[in-house]
Structures are given as structure tokens and as C-alpha cells.
Amino acid sequence: RERPEDIPLLAQHFHEEAGRRLKRAVKAIAPESIQALIHYPWPGNVRELENVIERAVIVSKEEVLTALERFADAGEARGIEADRLGFDAL
């Protein structure tokens, strides 16, 4: 959130790490997805970015990750629901 210029390198690191750990053949993140990640407000910290990338790697059937913003929006929706229910986190 404070250093959006770091997002492409962090996203690349997280996707490579998740791919290795989960034994998934994800080779890259689509440029438009990187741009979406850069422009996303990131209400959480860097772990939120890592979780978004990991969820995308898990569900991806392609070698290039696309539409990553849907995973960021899903995480934000869970946080809103947790706030509504009075939980710190789900």
C-alpha cells in the first residue's frame, strides 16, 4: 500500500514460491493482473498479497495467472463479514 513499486517483485516471488511448494506449473503472472495488483488498495499487509497469489496458484489451470483481483476482492469480503460478525479474522 505504501510502496506499490514493490508489488511486481513480491508477486513474482510469491507465485514462484507457491508454485514450488504446491507443485504447480505456474510460469508467470499476466501483465494486466500485475497492474490490477498495483492499483488495489491493500487494506492488509504483505501477507494479504501472498495469500492472494497462493489462492490463484491453487485454482489456476493455466501457466499464466490472470484475474488476480477476484482473489483480493474475496479476501476483502471475508474481512468485511468478519467485522460484521464481530470477529478479528475468519
Side-chain angles (χ1 to χ4, degrees):
R1 152 173 79 192
E2 295 172 12
R3 294 175 45 185
E5 66 275 7
D6 291 345
I7 290 175
L9 289 175
L10 287 167
Q12 179 180 343
H13 169 75
F14 292 145
H15 108 263
E16 290 171 356
E17 188 65 29
R20 209 175 2 264
R21 190 175 65 255
L22 299 167
K23 297 179 175 43
R24 302 294 308 256
V26 177
K27 297 190 185 322
I29 301 173
E32 60 273 8
S33 288
I34 291 290
Q35 288 303 309
L37 294 176
I38 290 170
H39 291 96
Y40 185 74
W42 297 109
N45 57 29
V46 73
R47 286 180 293 192
E48 184 180 0
L49 173 62
E50 183 176 16
N51 290 336
V52 164
I53 300 294
E54 183 174 295
R55 284 194 298 271
V57 169
I58 289 169
V59 303
S60 179
K61 293 177 177 38
E62 305 295 326
E63 291 183 342
V64 177
L65 297 178
T66 58
L68 296 180
E69 60 278 6
R70 68 183 172 179
F71 298 104
D73 292 340
E76 185 175 303
R78 281 194 301 280
I80 291 168
E81 182 66 9
D83 288 345
R84 187 181 70 75
L85 297 173
F87 296 110
D88 290 332
L90 286 179

From CA spacing to verdict: side-chain contact (heavy atoms from CB on, under 4.5 Å), I53, L37: CA-CA 10 Å; I53 300 294; L37 294 176; 4.0 Å; yes
Could you pull out the closest heavy-atom pair between P8 and I38, with the gap in Å?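 Looks like CG-CD1, 3.8 Å.
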Do [X] and [Y] have side chains that get closer than 4.5 Å, going by heavy atoms?
X   : Y   : value
R21 : E54 : yes
V46 : F14 : yes
Y40 : L68 : no

From I29 atom CD1 to Q35 atom CD, the distance as rounded to the nearest 0.5 Å: 12.0 Å
Set of salt bridge (charged side-chain N to carboxylate O under 4.0 Å, His left out) partners for E16, sequence neighbours left out: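 With sequence neighbours excluded, E16 shows a salt bridge (charged side-chain N to carboxylate O under 4.0 Å, His left out) to no residue whatsoever.
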Evaluate salt bridge (charged side-chain N to carboxylate O under 4.0 Å, His left out) for E17 paired with R20, printing each intermediate quantity in order. CA-CA 5 Å; E17 188 65 29; R20 209 175 2 264; 3.2 Å; yes
When the side chains of residues 57-67 are checked against the rest of the protein, which donor-acceptor pairs come out under 3.5 Å, sequence neighbours left out?
| from | atom 1 | to | atom 2 | distance (Å) |
| --- | --- | --- | --- | --- |
| S60 | OG | E62 | N | 3.2 |
| S60 | OG | E62 | O | 2.9 |

Short question: side chain of H15, backbone of Q12 - any donor-acceptor pair under 3.5 Å?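 Side chain of H15 to backbone of Q12, a donor-acceptor pair under 3.5 Å: yes, one is there.
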